[in-house]
Amino acid sequence: MYYADQNKTYYPNFYSQDERFRLIANNPVAGAKFFKMMVDLFLKHVLGINSKNRGLYGDTSGYYGTVEQQGRLTLHLHMLLWIANSLTPQEVRDRLLDPTSDFQTRMVQYLESVHMGEFTTGTMEQVQSVLEKEAALHPNRIPSTLTLPKAAPEQCITHHNTQDNTCKKCQASLTWWEQFKTIVDEILFKSNRHKCHSGCTDPKYNSCKARFPRDVFVETAINPETGSLNIKKGEAWLNTFTDILTYLMRCNTDVTSLLSGTAIKSTVAYVTDYITKTPLKTHTMFEAIKTVFNRNSEFINGNLSCQEKTRKLMIQIVNTLTVQGEVGGPMACMYLLGHPDHYTSHMFRPFFWKAFVHEANKSWEQPQLEDSGDVMMDKVILHKVNGNVIGLSPVMDYLMRPTIFKDMCLYDWIRLITKRKMSKSEKSRIKYTSESDNDMDVDSLTEDDAMDVDDVLSHSDDMAMVDDPLDCNYFPEGKRNGKLQKVIQFLKGHPQWSTHTFTVSDESAGKVPCFVGGTIPRPDSGDRGEYCLAMLTLFRPWRSGLDLKLEGESWEDAFHGYKFTQRQQDIMKFFNIRYECNEMQ
Ligand SMILES: [Zn+2]
Ligand SMILES: [Zn+2]
């Protein structure tokens, strides 16, 4: 209301519901601004990102959230949260079933504190009757959904854990928590209850598409056979939530702990795919097209020319689809304000991986008929340097990477290395003669520095350098212990040998490669050789495809013969989760 209104100073002014709707509908910028403020506050104070306090759910190791518009066009966010040091569902299961450990008790305690499913002060009916009585007694009372949260009083250190009835600090704390419970229940009642409506009812089965009412569990129980966990949930008409989050956000928030591989996979697919989804779902499109046909049955059967009928139908279909795909005011404002449409802790880097695999395979293929047309072309960017046109490609960058990175696999190269222009001082530190560089033959120089296969094998155990490239004695600013460091350059013959150098990120700032241009081959189906070739291309350092296997060796044998690190094996395992996620949908 403050963002939408004309007033410069903030004072609580509780307009009627109708006035509130009018104000916010006329000012979608306010809605977008307020939404961003709430997300930023959530990230900082609840997840503990860039903050002194720890996260409400534990230390946050990563998050990814996508902004959506709801039916009424207001913005909302679906966010996945990764908690540092958390276990996989399988590990959780194994430990839950271990009778000798207190893991079970502690896990249940943790889950019940963040994943709640019932009112605290009574049943839904009791909460309702208390709220109705309160409204009758104090008709002017402002509902908690319109007020700001009150900070908790300072904790009493003297009576920590004991509580003393005569102590003022203890009393203040008790009162605050009592109010907290009442307020949380009020907000839940007003904004978290599911009420079935025409939109959620499936007429065919006469059931709710949102799966309400939900199953109720009197107490948290572990199935000793399967290790599956049903967390206590008393209210069938509520989604699960965290009370503190409800208290802070004062609106509808749902919090779910993803306790099974299935739940994790389908949610991951939903949230991560949303960013690439078109606003139009396929079934909505077909429905819209069908409506156009139904509406026009008369003129379709009429005596207009076929061409004329088609033209009319096409125009109507395009119009209908345009209306369906409309972006709402708040979302349009979000983009205009330059606010993000997704929030994440990680940086992503597009990775056109196929060109690399193609390059690796090329060295082993029989020379094909020239220009057969189906050869995948490597993407080459043309640059003009000193009046000469040169071709650059990410593949060439990797193949001609500096000697200092010779043991770095492609996957790490994409994650950790950024090419950049040399600074003036860096340029002055390298000796170069541009004339001779440009004359050099790229291919002959690649071979100059290419390692033979034995060399690669002898280095394969020595992955420390790959894990921490800063061990390479290289510092971006060029100075270490007061001594000038050598400027890192491409191998001689690379067109940017004399102009570009590199910035190396450490692990924590590494980017996540975003595989573009086709899906990665899978280990469990499709061409086995293709899979092995792709994995070797990614994880075994190479300058030529010849480094990746021996003459006469199959890609599969080369794959099994190569010692991948544990981390690399984990990453390969994760690649496949992507498919499993999609199969869940
Ligand atoms: Zn006290
Ligand atoms: Zn329903």
Side-chain angles (χ1 to χ4, degrees), residues 17 53 68-78 113 115-120 122-128 131 145 149-217 230-247 249 251-259 262-263 266-267 270-271 274 281 283-284 287 328 584-585:
Q17 190 166 41
N53 67 288
E68 287 177 26
Q69 55 180 9
Q70 311 181 93
R72 63 181 106 159
L73 303 183
T74 47
L75 302 174
H76 75 169
L77 186 79
H78 288 248
S113 75
H115 180 116
M116 303 166 167
E118 60 201 30
F119 296 95
T120 325
T123 62
M124 187 155 85
E125 289 70 28
Q126 285 166 332
V127 170
Q128 179 165 18
L131 283 171
T145 43
K150 232 168 54 193
E154 207 185 320
Q155 230 176 4
C156 173
I157 310 159
T158 333
H159 308 107
H160 192 60
N161 290 337
T162 48
Q163 268 167 10
D164 184 327
N165 282 335
T166 57
C167 165
K168 267 192 185 164
K169 272 192 174 174
C170 283
Q171 280 307 309
S173 200
L174 268 177
T175 316
W176 187 88
W177 278 107
E178 284 312 311
Q179 281 172 354
F180 171 89
K181 286 178 199 161
T182 320
I183 289 172
V184 168
D185 279 358
E186 182 192 353
I187 298 168
L188 288 174
F189 187 84
K190 283 188 183 299
S191 55
N192 267 47
R193 262 182 319 141
H194 179 80
K195 283 155 277 182
C196 278
H197 50 95
S198 59
C200 76
T201 323
D202 190 337
K204 211 162 141 196
Y205 303 101
N206 197 25
S207 65
C208 168
K209 283 184 202 161
R211 295 178 291 112
F212 280 99
R214 302 283 175 86
D215 290 343
V216 164
F217 300 98
N230 285 321
I231 307 174
K232 180 171 125 183
K233 184 170 191 312
E235 182 46 65
W237 294 96
L238 283 183
N239 258 331
T240 46
F241 60 90
T242 306
D243 55 358
I244 295 173
L245 189 64
T246 301
Y247 186 79
M249 305 296 275
C251 60
N252 171 270
T253 51
D254 296 339
V255 179
T256 309
S257 164
L258 300 175
L259 289 169
T262 317
S266 56
T267 312
Y270 178 82
V271 174
Y274 207 89
K281 294 189 179 77
H283 68 88
T284 324
E287 230 167 71
M584 291 292 152
Q585 290 199 315

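The analysis underlying the following values was restricted to heavy atoms, covering all of them including side chains, and did not include hydrogens, waters or symmetry mates. Starting from 1, each residue takes its place in the sequence as its number. Atoms within each ligand, like the ligands themselves, are counted from 1 in listed order.
Remark: T242 pairs with Y57 by the side chain to side chain donor-acceptor pair (under 3.5 Å) rule, at least two apart or across chains. Partners of E186 according to the side chain to side chain donor-acceptor pair (under 3.5 Å) rule, which considers only residues two or more places apart in sequence or in another chain, are R141, S144.
For the Zn ion (ligand 1), the tally of protein N/O/S atoms lying closer than 2.8 Å stands at 4. Of all protein atoms, those that are N, O or S and lie under 2.8 Å from the Zn ion (ligand 2) total 4.
If you run side chain to side chain donor-acceptor pair (under 3.5 Å) between N252 and each of N192, N239, T246, only N192 comes through.
Under a 3.5 Å cut-off, the side chain of S173 and the backbone N or O of K169 do not form any donor-acceptor pair. Between the side chain of R214 and the backbone N or O of R211 there is at least one donor-acceptor pair closer than 3.5 Å.
Atom CD of E154 is surrounded by 12 or fewer heavy atoms from other residues, nucleotides or ligands within 6.0 Å.
Y247 and W176 have their aromatic ring centers within a separation under 6.0 angstrom.
Here NZ of K195 is found 11.5 Å from CH2 of W237. Values are rounded to the nearest 0.5 Å.
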### Task
List the steps and the verdict of side chain to side chain contact (heavy atoms under 4.5 Å, CB included) for F217 and K232.
CA-CA 5 Å; F217 300 98; K232 180 171 125 183; 5.5 Å; no
